[in-house]
Number of protein chains: 2
Amino acid sequence: MFLNEFDATMQHIQGKWKIMILYELHEQGVVRFNQLQRYIDAISSKTLTNQLKELEEMGVITRVVFPVVPPHVEYSLTAKGESLIPVLDLICEWGLAQVEPQLLDRTLCQE
Amino acid sequence: MFLNEFDATMQHIQGKWKIMILYELHEQGVVRFNQLQRYIDAISSKTLTNQLKELEEMGVITRVVFPVVPPHVEYSLTAKGESLIPVLDLICEWGLAQVEPQLLDRTLCQE
DNA sequence: CTGCATCCATGACGATACTG
DNA sequence: CAGTATCGTCATGGATGCAG
């Protein structure tokens with residue numbers, strides 16, 4: 001039944017900051033932990049860690065650890081993560097259409 | 001910033017049972033309270049009432065009360081609600097693609 | 001039939017402090 | 001730099017009972 005597929009997708013984007021993470025990785029390519037934290041700005045390191053871990057477990061992002069001091073960790077989107085972007089775009093676009101119907105031919109809702 | 005548009009949409013579909021309600025109204029047209037409760041089957045009347053109220057407040061569904069005894073209330077989608085269906089379809093479709101990539105040319109995830 | 005009221009369990013998230 | 005540990009808060013939703 002379709003609820004399962006819906007929930008399957010939702011598990012990937014649910015979470016207060018997941019889309020911001022996803023979009024930032026999409027635009028920047030490779031991003032470090034601190035970059036994300038500065039970009040999102042209101043997120044605690046604990047929450048950021050959790051959301052990243054969940055995204056990684058679902059195969060949406062890749063986590064690469066460089067064994068150096070000080071620590072260096074890089075995050076980036078997987079192919080699966082990239083395939084999620086158009087879905088986010090549509091969701092975003094619908095939200096924009098509700099607020100400002102006349103702006104609909106912008107390049108989606110980013111920026 | 002795009003997070004706002006994303007959240008705007010999310011407010012409409014977030015909630016454990018909202019998509020089921022939306023799809024059921026989409027397919028049946030006009031549905032009564034008890035029909036929904038029997039259809040969803042695991043939902044309590046309190047939760048169903050809450051989700052319906054939220055959907056109504058956002059202009060996604062219409063609530064029509066017939067002043068008779070016993071009470072008779074009908075719910076249906078508004079135009080705004082209908083416009084949400086393609087978004088749900090895409091979300092659903094992505095979820096399906098993750099589970100069974102070979103079934104992708106089905107008519108989305110319903111059935 | 002269609003709710004509302006109440007109480008309760010769970011989980012998401014934040015604040016703060018600490019570590020290798 | 002990139003987290004972990006602990007504690008606290010708040011919203012969501014379930015269970016049950018009652019009402020017009």
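Protein chains get the first letters and strands the later ones, always in sequence-line order, with residue 1 at the start of each.
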Qualifying residue for side chain to side chain contact (heavy atoms under 4.5 Å, CB included) with B:His26, from B:Leu84, B:Ile85, B:Leu88, B:Ile21: B:Ile85
Under 4.0 Å, heavy atoms only, any strand: does [X] hit a base, just the sugar-phosphate, or nothing?
X: A:Thr49; answer: base
X: B:Phe66; answer: nothing
X: A:Gln51; answer: sugar-phosphate
X: B:Pro70; answer: sugar-phosphate
X: A:Arg38; answer: nothing

Tell me: [atom1] of [X] to [atom2] of [N], nearest whole Å?
X: B:Glu74; N: C:dC1; atom1: CD; atom2: P; value: 15 Å
X: B:Leu48; N: C:dT2; atom1: CG; atom2: C1'; value: 10 Å
X: B:Ile40; N: C:dT2; atom1: CD1; atom2: C1'; value: 15 Å
X: B:Gln37; N: C:dG3; atom1: CD; atom2: C1'; value: 10 Å
X: A:Gln11; N: C:dA12; atom1: CD; atom2: P; value: 10 Å
X: A:Met20; N: C:dC13; atom1: CE; atom2: P; value: 14 Å
X: B:Ile21; N: C:dT2; atom1: CD1; atom2: P; value: 14 Å
X: A:Ile43; N: C:dA12; atom1: CD1; atom2: C1'; value: 12 Å

First-last contacting nucleotides on DNA chain D - partner chain B, under 4.0 angstrom, heavy atom: D:dG13 to D:dG20
Ring pair (Phe, Tyr, Trp, His ring centres under 6.0 Å) pairs, two or more places apart, involving residues 41-63 of chain A: none
A:Lys16 side-chain N/O to C:dG14 phosphate OP1/OP2 under 4.0 Å: yes
B:Arg32 side chain near C:dC1 phosphate (N/O to OP1/OP2, under 4.0 Å): no
For the side chain of [X] and the backbone of [Y], is there at least one donor-acceptor N/O pair under 3.5 Å apart?
X: B:Lys80; Y: A:Gln98; answer: no
X: A:Lys53; Y: A:Thr49; answer: no
X: B:Ser76; Y: B:Val30; answer: no

Atom pairs under 3.5 Å: protein N/O with N/O of nucleotides 17-19 of chain C:
none

Helix axis bend for the helix from C:dC1-D:dG20 to C:dG20-D:dC1 - C1'-based end axes, five pairs, 10° rounding: 40°
DNA chain C: 5'-proximal contact among B:Val73 and A:Asn50 (nearest heavy atom): B:Val73
Closest-nucleotide 5' rank along DNA chain C - winner of B:Val65 and A:Ala42: B:Val65
Side chain to side chain contact (heavy atoms under 4.5 Å, CB included) partners of B:Asp7, counting only residues at least two apart: B:Leu3
Test side chain to side chain contact (heavy atoms under 4.5 Å, CB included) applied to A:Gln35 - qualifying residues, sequence neighbours left out: A:Val31, A:Arg32, A:Arg38
Between CE on residue B:Met20 and CG on residue B:Leu48, distance to nearest 0.5 Å: 11.0 Å
Distance in Å, B:Leu36 CG paired with B:Ser45 OG, rounded so as to fall on 0.5 Å steps: 12.5 Å
Parallel, tilted or perpendicular, as decided by the 30° and 60° cut-offs, for the rings of A:Tyr75 and A:Phe33: tilted
Connected via hydrophobic side-chain network under 4.5 Å: A:Val60 and A:Val65: yes
A:Gln28 side chain near A:Tyr39 side chain, heavy-atom distance below 4.5 Å: no
Side chains of B:Ile40 and B:Glu24 in contact at under 4.5 Å (non-hydrogen atoms): no
5' precedence on DNA chain D between B:Pro71 and A:Arg63 (nearest-nucleotide basis): A:Arg63
